[in-house]
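Notes follow once the structure below has been shown.
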Amino acid sequence: MRKSLRLMVAAATGAVLFAAGGIVAASPAFAAGSVAATGTDFADLFIPPSGSDKITFKIKATDVYAAPDKPGKIHVQFLKPDEAESGTPHAGTAADIPNSTATPAPTGDVTVAASIPVSASDKPGTWKYRTAFTANGVTTAPSFTNPWQSITVATATRVTSANVDPDPVVLKKSEEVDVFANFKLEKYGDEKVTNVRYEHSSGDYYTLPTGLEADDSYHGSASFDYQAPAGSWQLKVTVTRGSKTYSFVKGFSVKGASAAAKAKSKITIAVSPAKVKKGKTVKIYGKVYRGTSKWGAWSKKILKLYFKKKGTKTWKFVGYVGANSTGKYSKTVKPKYDGYWRLQATSTSATNSSLSPYKLVDVR
């Protein structure tokens, strides 16, 4: 009776076995482990317009620990369009399963980040992936018994038909030259234009509005003053899609004007809010500067406020806005229509005029 009892207790605890008068250590219980066949939370399912990137997702595995500090590993393979399942797949990546301090080893699900590399030379279409799991210490190749899963990878974002007019831009003494930009955003997902500007290597730039027309074409302009740096400039269009940001550029040239003794000026502008219900007010504010070798506030300058209804070409004078001693100005308006707002600082005998960039207010 006593011997039988001891045998039963030993088997229950898994510590030792009493047999033939000796003690034999029990083999540790390793987790078999398994990984889900299907990933979740796929992001950025599109070809990058240039270079290389990755499609990210998450993958779940179960019972991955042989011991708390000895997790197994998840493996990922994938096929590109037109590649047969019978061919040689490519290797994706999966993050290491984290160690655990728990004793005994934890059971249940663990989710890790995974990814599939993708480059601009790849084709959009149906891609396939599959997953496998190996326990800690296994050095042989994983056995991919999970079935292939399909994902649809979209075409890369493109900005086409970009044009700057005029090119070259010929600056005029004590005058501004309107420089127009247009392009087409070819959308294949949730692309948004987040910034448009003219840039010079010196750091000078002109900001343009970001709104697209109904057909995803773009038309915008900025006014170059005669003191803009001559030489090579570029139109830079910044587009966001998913978690990614891309920039597209188009070069153009600027020819300088004769030097002048007058100081230059510039105006910054912001609107808050940019989207407003009809009958509500919007604050237009910013700062006006003047300078020769460096910028300073254009103190007490009286500015002209203009409005252009969306879909029209004519700017209409709205009223005057006065800057304070530090060059800051502020004006509250109650817009009736979708449209653009901008300000002008008229010239004096010592300072050239300037126009601010324009800002869109969406009236709902």
Side-chain angles (χ1 to χ4, degrees), residues 39-58 92-93 95 113-125 127 151-164 179-201 203-222 233-252 268-276 282 286 310 338-342 356-364:
T40 61
D41 300 331
F42 278 86
D44 304 325
L45 279 162
F46 49 82
I47 304 295
S50 63
S52 299
D53 215 320
K54 62 179 74 172
I55 296 167
T56 61
F57 60 102
K58 294 179 181 178
T93 62
S115 65
I116 294 171
V118 61
S119 70
S121 60
D122 288 326
K123 294 180 180 179
W127 292 46
I151 53 176
T152 300
V153 179
T155 303
T157 298
R158 291 190 179 93
V159 170
T160 60
S161 306
N163 184 59
V164 177
V179 182
F180 297 88
N182 58 78
F183 59 83
K184 174 80 171 183
L185 176 64
E186 295 186 4
K187 297 179 69 174
Y188 299 98
D190 61 347
E191 294 96 329
K192 295 179 181 177
V193 176
T194 52
N195 195 23
V196 183
R197 55 196 270 175
Y198 296 131
E199 292 184 342
H200 185 262
S201 59
D204 278 23
Y205 65 89
Y206 293 90
T207 301
L208 285 73
T210 57
L212 294 174
E213 303 296 335
D215 63 351
D216 296 325
S217 64
Y218 176 89
H219 304 275
S221 68
W233 284 68
Q234 65 180 16
L235 166 67
K236 182 178 180 181
V237 181
T238 302
V239 179
T240 61
R241 182 180 185 182
S243 67
K244 308 298 181 182
T245 299
Y246 304 107
S247 292
F248 302 84
V249 297
K250 167 73 173 180
F252 65 100
T268 63
I269 182 174
V271 298
S272 179
K275 296 180 180 180
V276 65
V282 170
K310 191 172 183 180
D338 293 350
Y340 303 93
W341 297 83
R342 76 185 317 181
S356 74
Y358 48 89
K359 293 290 185 180
L360 173 66
V361 174
D362 184 1
V363 179
R364 299 185 171 186

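The residues of the chain are indexed from 1 along the displayed sequence.
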Interatomic spacing from [atom1] in [X] to [atom2] in [Y] - rounded to 0.5 Å:
X    : Y    : atom1 : atom2 : answer
L208 : S221 : CG    : OG    : 6.5 Å
D122 : I55  : CG    : CD1   : 8.5 Å
E191 : T240 : CD    : OG1   : 8.5 Å
D338 : K275 : CG    : NZ    : 10.5 Å
T56  : L45  : OG1   : CG    : 8.0 Å

**OP:** Without swapping roles, check the side chain of Y198 against the backbone of V179 for a donor-acceptor pair under 3.5 Å.
**Re:**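 The answer is yes, because a donor-acceptor pair under 3.5 Å joins these two groups.
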
Original post:
Sub-3.5 Å donor-acceptor pair from the side chain of D190 to the main-chain atoms of R241, do we have one?
Top reply: no

Original post:
Would you call the rings of Y246 and F46 parallel, tilted or perpendicular, where under 30° means parallel and over 60° means perpendicular?
Top reply: perpendicular

**OP:** Quick one: sort the F42 and F57 rings into parallel, tilted or perpendicular, breaks at 30° and 60°.
**Re:**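 Judged by the thresholds at 30° and 60°, the geometry between F42 and F57 is parallel.
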
**OP:** Begin with the C-alpha distance, continue with both residues' side-chain angles, and end with the deciding distance and a verdict on side chain to side chain contact (heavy atoms under 4.5 Å, CB included) for Y218 and V237.
**Re:** CA-CA 10 Å; Y218 176 89; V237 181; over 6 Å; no

Original post:
Just wondering, do T238 and T210 contact through their side chains at under 4.5 Å, heavy atoms?
Top reply: no

Original post:
Sequence neighbours excluded, which residues qualify as side-chain hydrogen bond (donor to acceptor under 3.5 Å, both in side chains) partners of T93?
Top reply: S115

**OP:** Sequence neighbours left out, what passes side-chain hydrogen bond (donor to acceptor under 3.5 Å, both in side chains) with E199? Give chain and number order.
**Re:** R197, Q234

**OP:** Could you check R158 against Y188 for side chain to side chain contact (heavy atoms under 4.5 Å, CB included), going step by step and ending with a plain yes or no?
**Re:** CA-CA 9 Å; R158 291 190 179 93; Y188 299 98; 3.9 Å; yes

For a quick test of reading the model, state the closest non-hydrogen atom pair linking [X] to [Y] and the distance between them.
X    : Y    : value
G92  : P117 : CA-CD, 4.4 Å
K250 : V164 : CG-CG2, 4.4 Å
I47  : S119 : CG2-O, 3.4 Å
L212 : F183 : CD2-CE1, 4.3 Å
D44  : S243 : OD2-OG, 2.6 Å
R342 : I269 : CA-CD1, 4.0 Å

**OP:** Verify side chain to side chain contact (heavy atoms under 4.5 Å, CB included) between W341 and V361, making sure each step is shown before the conclusion.
**Re:** CA-CA 8 Å; W341 297 83; V361 174; 3.7 Å; yes

**OP:** Can you sort out the partners of N182 under side chain to side chain contact (heavy atoms under 4.5 Å, CB included), two or more places apart, ordered by chain and number?
**Re:**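 Residues passing side chain to side chain contact (heavy atoms under 4.5 Å, CB included) with N182: N163, H219.
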
Is [X] atom [atom1] crowded by more than 12 heavy atoms from other residues, nucleotides or ligands, each under 6.0 Å away?
X    : atom1 : result
K187 : NZ    : yes
K184 : NZ    : yes
K236 : NZ    : no

Original post:
Can you check side chain to side chain contact (heavy atoms under 4.5 Å, CB included) on T157 and L185, steps first, answer last?
Top reply: CA-CA 8 Å; T157 298; L185 176 64; 4.0 Å; yes

